[in-house]
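To start, the structure itself, in structure tokens.
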Amino acid sequence: MPTTTTNYLDPRTLAAVASLELRSRMIVEGMMTGMHRSPYFGYSVEFAQHRQYAPGDDIRHLDWKVFGRNDKLYLKQYQKETNLDLVLMVDVSGSMAFGTDLGNKKSQSPPTPVGGSPGAPGSWRKYDWSATVAATLAHMALKQQDRVSVVLFADELRATTRSGNARDHWRTIVDALGSAKVDPIENDTSLTSASPEEVKARATRLTRLFDQVTSPLRQRSLLVLISDMFVEPAALEHGLARAHHRRHDMVVLQVLDHAELTFPFRSPSEFLGLEGEGRLPLDPPALREAYLEAINAHLDAVKEMTRKFGFDYLLVDTSENLGPTLSHFLARRAAIIDKKK
Amino acid sequence: MPNDGDGAGDTMPARDWFAICHSSLVLRHSLDIPSLGIRHSFRTHPTFMTTSAQVSGFFTTPGFAAAGAAAVSIPIVIHLLTRMRRRPVQWGAMKFLVEAFRRHRTRLQLEQWILLLVRCLVLLILGLALAGPLLGGCASTMGIDATGRTLYLVMDDALSERAIGADSKDRFERQRQLAIRLIDSLGSADQVALFTTSRPNEGVVDPPTIDRAAVRRTIEGLEPKHGRSDLVGALRDVRASLVEKGQPADRAFVVLLSDFSKGSLPVDQALPEQATKLDQLARVLAVKPMASLPNVQISKFQPRRHMILTGGLGDGGPVRIPIDLELQRFADDTPTRATSIELALVTDDLSKPLAVFPKQEVRWNEGEAKATLRADLIVNPETLDALNLGPGNLSVGKSSGATVVLRARIEPDALLEDNERFAVVELRQRLRVGIISETSSSGCHPRRTSARSSWWTFTRSASTRISLRHSTRR
């Protein structure tokens, strides 16, 4: 395979790179080289007003056309460059520890699922994908002097970083993402099911989480929710409603492993839930159709929910190349924003 | 019983023996075989015990059945091992898996059981199929009709069974239908053995089998032979089979199927003790003897001389072939008064007659069973010419003799096979005879002191010094 920049964006390559910082840089560089343009978020530099020149002002901002017509010196004032806070909400719940072992490239068999083994060579968990994307977006936003903060959450808020646009803030973000603990909750007992009270409590916790995230925000912000969205659609609706009510923009990136989308297992297996659901011995082919039906119904519900509030939604298969997926999505988003203007 | 084998009763005439059968055993049944009621009789002694021997009798290769039954455990073991050794998989989207499982739990469990059942059944059925099941035995396994009787059919397939009755069917066909009806009336666990009276035996089913369909097919394929019956030999075989099986006498039935007509079985001869003691091992039944059909048999037909000299020196007269012919008449109460005999000279391949002689007639007196005919068949010169045996054919290099076939035929009667008989006679123009004596005029004679071997050498040598005189003798 020829070595091109986009090859670096192959999940197998990224999975082999242990450093999250290095992963993110590779993605940014790859996207820049591949697209030949900067992937702005749509809040690029905009003209605001004219102001009469005063001694000491930077003459680079003089409007020479006005001077030619009126013989007066006016400065062009622009809208503040960082006009949007970027809040990256990354899911660190147990289910995000699920991933695929991508280490064996020659193997024709389906990728081996892994769970709860962060940093294992070749393993590519959903959280790895999410953290890499978060770091990449943070890198691009900071290059534009946007303020960026990261929120790590599971059932509740786990960790946050301050919002900032300093040059070294990216390292803070990367450190936060890299040090996050994505511990599966293992339950060796037989299958357990959530009670209605538990479901209601989860919805409440998710609503409270959105309140906790959005309440400190002083201005309209862009929230990027990166999660597998294994929550009740009703609970998600409450959270999204809070963000929409506070006039924040939101991007929902639903991250799923390829195995979760296709359920490729054939031999009898014992499935162990990563969020304390217990064990389920199963003959996978017998339940494959029913499983796919259930998860597809859920995906449709989540998609419908985000579209209902006018938010952007992207379903991501972690086995696909990360760069093209992300750049395509950002370009489409930029186009939509331009059209709105 | 008269045939218990004490003292002088070691052997007894077969005619008496049949009387014993009829009187002491199953006279009522034997008199009216269509309403025999064997099946009903069998059902009066039901037993629901199934022995291992019976089970093994259900299959041609019981080992495969046992292997199939044992193989049923294989899918069960695999099933259990699979449950014990499932590969653990940590799964993120457990929520949806659990949801799908709860929705289809009943169906999944049902499928699991059905799958296990089907796998077991496949192996079991495969084993049973390879074992060659005899389906008739299945019912007895379930205790439906486990009587376990054995029926020994002894069928007379001698020449007399070819006799055709008024219904245009031969007698053997009637025996065949009776045998099949008997087999069809048996219970599911009953076994059948089949013996025939002609020798050598063909199509005999021994030891008894539960595969009644196979016995039925064998009987349907049987044809009566052209020989006599050997009832003694057949009964000896039945006795040996009975002894080997060791079944109680009330569970074994020997049924003799024969027309018992005159000439069919050697009823006038004494039966050996082994045969007369048969009813100690089994219940013996016999069909009602049929009435003898009017039948005349050419029992003997032969020329008095097997070589006839036609005379090749030119006298041209007819040639006489003296023959002896013997007729035997059965069913002496029949009104057959005379039998016309057609005699002919036919070609070697019996296809066409060379000469037909005048019909001969034998008249029967009342009560007469045998008749003899002595006659001379006159062969005219034209026939001899046709055989190159006439006076004009006396030349060197031509054939000087011919073998001809004489055919005797009577009118068709009940048994067609004994209405025609052939004899072979050699016709020669002349016979060269060399007479060697010590006082031969030629002086060629071996010395008196010569050994016998010298005589043989002398007669075999083609000596030109021997002068021969030709003579013709008729």
Below 3.5 Å, can you tabulate the donor-acceptor pairs from side chains in residues 298-306 of chain A to any protein atom, sequence neighbours excluded?
from: A:H298; atom 1: NE2; to: A:M229; atom 2: O; distance (Å): 2.6
from: A:T306; atom 1: OG1; to: A:V302; atom 2: O; distance (Å): 3.3
from: A:T306; atom 1: OG1; to: A:K303; atom 2: O; distance (Å): 2.8

* Heavy-atom distances under 4.5 Å only: say whether B:L97 touches chain A with side chain, backbone, both or neither. => both

* Asked: Any luck finding a side-chain donor-acceptor pair between A:S319 and A:D317 under 3.5 Å?
  -> yes

* Aromatic ring proximity B:F96/A:F230, centre distance under 6.0 Å -> yes

* What part of A:D228 gets closer than 4.5 Å to chain B, counting heavy atoms only: side chain, backbone, both or neither? -> neither

* Structure fact -> Greatest number of non-hydrogen atom pairs under 4.5 angstrom with chain B, of A:P281, A:A297, A:P284, falls to A:P281

* Could you tell me which portion of A:L292 (side chain, backbone, both or neither) has an atom closer than 4.5 angstrom to a non-hydrogen atom of chain B? => neither

* Structure fact -> Bottom line for A:E293: the part with an atom under 4.5 Å from chain B's heavy atoms is side chain

* Donor-acceptor pair between A:E275 and A:S95 side chains, under 3.5 angstrom -> yes

* **Contact leader toward chain B among A:S269, A:G94, A:A294, where contacts are heavy-atom pairs under 4.5 Å** => A:S269

Acceptor/donor pairs from residues 260-268 of chain A side chains to any protein atom, 3.5 angstrom cut, sequence neighbours excluded:
from: A:E260; atom 1: OE1; to: A:K126; atom 2: NZ; distance (Å): 3.2
from: A:E260; atom 1: OE1; to: A:D257; atom 2: N; distance (Å): 3.0
from: A:E260; atom 1: OE2; to: A:K126; atom 2: NZ; distance (Å): 2.9
from: A:E260; atom 1: OE2; to: B:A93; atom 2: N; distance (Å): 3.4
from: A:T262; atom 1: OG1; to: A:H258; atom 2: O; distance (Å): 2.9

